[in-house]
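Quick notes on the structure that follows.
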There are 2 protein chains.
Amino acid sequence: MKRNTWQREAVREALGGSEGFVSAQALHSSLREQGSPIGLATVYRALSDLATEGEADSLQQEGEALYRACTPGTHHHHLICRNCGLAVEIEADAVESWAKDVAAEHGFTEASHVVDVFGYCAECSAKRA
Amino acid sequence: MKRNTWQREAVREALGGSEGFVSAQALHSSLREQGSPIGLATVYRALSDLATEGEADSLQQEGEALYRACTPGTHHHHLICRNCGLAVEIEADAVESWAKDVAAEHGFTEASHVVDVFGYCAECSAKRA
DNA sequence: ACGCCCGATGATAATGATTGTCAAAAGCGA
DNA sequence: TCGCTTTTGACAATCATTATCATCGGGCGT
């Protein structure tokens, strides 16, 4: 049975409130600074659960796992700012079918794919100029 | 100045001789089994150098960094077998321009992207049936 | 409302990959 | 060959993440 705890809710909320992708460690510190006595292990567990249930997306960057709340149940990709972490959800039907075709072409089955675009968002581009 | 050492050559060769993506640890064990007294740290350094120089591609999976020798100087992506690690280089001009367009559309600059397709290769698909 | 059972929590230790350190061991030009 | 400099490699250090396990508390049955 799955239980409702204030910790899980806190993680969900903190995730939803952040602009871009966040690391588990960062989310934990952030919660701690807000006064939450939540444990690090719990944050990891909560994030892992959210990702499994489709309420969050995760991606690996430089050895860290980053998470972001996102519309549940839909398949999409992200456009991510290298500087501030801002993430925009993007549709990629063209890429979806392309990936499937390429896989089939080479005899691969059960194809999944990783597609993420990185860059500097408008704001950060301006700041760097 | 960059020096030519047998260690660097050994890593390059071992990488070129392997079928798919390999982890640094795996490459190290493999070299050791072949009698090479090469150090683990050296393997990491060599792989990192090769990746920087464009002689190898790297990707992150499940917290590990995987490497693969590939044609230098060209930009391409991979179709990777989840089971045996077999990797096929694929062209993706359509995706290249798509990524650039999407980035520009949202005001992002200096766009780069990560595109990898995972699946089971023909051989492994057969075995799993 | 009460009590009990079992999943959830959290401090801490453990793990596993990777990087830093530094003395000793080669490259390479002179 | 000589000497300077980079590279190596054993080992310690670091970092994110996971496992452990005693304790806590949610929520169902009563």
Side-chain angles (χ1 to χ4, degrees), chain A residues 1-15 18 20-53 55-69 80 82 85 114 116, chain B residues 1-15 18 20-53 55-69 80 82 85 114 116:
Chain A
M1 157 205 331
K2 186 161 55 179
R3 292 180 186 172
N4 269 350
T5 62
W6 65 265
Q7 287 98 332
R8 225 172 266 275
E9 207 42 53
V11 170
R12 195 198 310 273
E13 212 169 296
L15 197 61
S18 54
F21 277 79
V22 207
S23 74
Q25 310 264 352
L27 205 63
H28 177 240
S29 320
S30 154
L31 282 166
R32 280 305 188 83
E33 278 172 21
Q34 287 168 35
S36 248
I38 195 170
L40 177 58
T42 305
V43 174
Y44 274 101
R45 274 187 293 245
L47 285 175
S48 156
D49 286 355
L50 286 175
T52 301
E53 292 161 25
E55 290 196 55
D57 265 3
S58 71
L59 64 85
Q60 312 269 131
Q61 196 184 184
E62 298 176 23
E64 265 187 318
L66 302 182
Y67 296 87
R68 166 119 221 279
I80 302 144
R82 269 194 285 264
V114 176
D116 286 300
Chain B
M1 155 204 334
K2 188 161 53 180
R3 292 178 187 176
N4 268 349
T5 62
W6 64 266
Q7 286 99 330
R8 224 173 267 274
E9 207 43 52
V11 169
R12 195 199 308 273
E13 212 169 296
L15 197 60
S18 54
F21 276 79
V22 207
S23 73
Q25 310 264 350
L27 206 63
H28 177 240
S29 320
S30 153
L31 282 166
R32 280 306 188 84
E33 279 173 18
Q34 287 167 36
S36 247
I38 194 170
L40 178 58
T42 306
V43 174
Y44 274 101
R45 276 186 292 244
L47 285 174
S48 156
D49 285 355
L50 286 175
T52 301
E53 292 161 26
E55 290 197 55
D57 264 3
S58 71
L59 64 86
Q60 313 268 131
Q61 195 186 185
E62 297 176 24
E64 265 186 319
L66 302 182
Y67 296 88
R68 166 117 224 278
I80 302 145
R82 268 194 285 264
V114 176
D116 285 300

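The sequence lines fix the lettering, A, B, ..., with proteins before strands; numbering per chain opens at 1.
Whole-Å rounding puts the A:L50 CG to C:dA8 P distance at 13 Å. Whole-Å rounding puts the B:R8 CZ to C:dA26 P distance at 16 Å. Distance, B:H28 NE2 to D:dT8 P: 13 Å, rounded to whole Å. Rounded to whole angstrom, the span from the CG atom of A:L27 across to the P atom of D:dA16 amounts to 14 Å. In this structure, B:E9 atom CD and C:dG27 atom C1' are separated by 15 Å, rounded to whole Å.
Annotation: side chain of A:H28 is in contact with side chain of A:I38 (closest heavy-atom distance under 4.5 Å). Side-chain contact check for A:V114 versus A:L59: every heavy-atom pair is 4.5 Å or farther apart. For the pair B:Q25 and B:Y44, the minimum side-chain heavy-atom distance is below 4.5 Å.
Scored by the ring pair (Phe, Tyr, Trp, His ring centres under 6.0 Å) test, B:Y67 finds no partners at all (sequence neighbours excluded). By the side chain to side chain donor-acceptor pair (under 3.5 Å) test, B:R3 is found to be paired with no residue, residues two or more places apart in sequence or in another chain being considered. For the side chain to side chain donor-acceptor pair (under 3.5 Å) test, no residue two or more places apart in sequence or in another chain qualifies with A:D116.
Under 4.0 angstrom from either OP1 or OP2 of D:dG9 there lies at least one side-chain N or O belonging to B:Q7. In this structure, B:T5 reaches the D:dT8 phosphate: one of its side-chain N or O atoms is under 4.0 Å from OP1 or OP2. Between A:R3 and the phosphate of C:dT9, there is no side-chain N or O to OP1/OP2 separation shorter than 4.0 Å.
Comparing the helix axis at one end of the helix from C:dA1-D:dT30 to C:dA30-D:dT1 with that at the other, each defined from 5 consecutive pairs, gives an inter-axis angle of 40° (nearest 10°).
Atom-to-atom distance recorded for B:L15:CG and B:L47:CG is 6.0 Å, nearest 0.5 angstrom. Once rounded to the nearest 0.5 Å, the distance linking OG of B:S58 with CD of B:E64 reads 13.0 Å.
Pairs of residues two or more places apart, or lying in two chains, never qualify as salt bridge (charged side-chain N to carboxylate O under 4.0 Å, His left out) while including a residue from residues 24-47 of chain B.
Within the 4.0 angstrom heavy-atom criterion, base atoms lie near B:T42.
Closest to the side chain of B:R32, from the set D:dG9, D:dA10, D:dT5, is D:dA10. Among the nucleotides D:dT8, C:dG27, C:dT9, the one closest to any side-chain atom of B:W6 is C:dG27.
Side chain of B:S30 to main chain of B:A26: no donor-acceptor pair is present (N/O by atom type, distance under 3.5 Å, no hydrogens or angles).
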When you compare the protein's N or O atoms with those of nucleotides 28-30 of chain D, which come within less than 3.5 Å of each other, and at what distance?
none

B/S/- along nucleotides 12-21 of chain C (protein heavy atoms under 4.0 Å) is -----SBBBB
I'd like a table of donor-acceptor pairs (distance under 3.5 Å, sequence neighbours excluded) in which one partner is a side-chain atom from residues 6-14 of chain A, with atom names and distances.
residue, atom, partner, partner atom, Å
A:R8, NH1, A:D49, OD2, 2.5
A:R12, NH1, A:E55, OE1, 2.7
A:R12, NH1, A:E55, OE2, 2.9

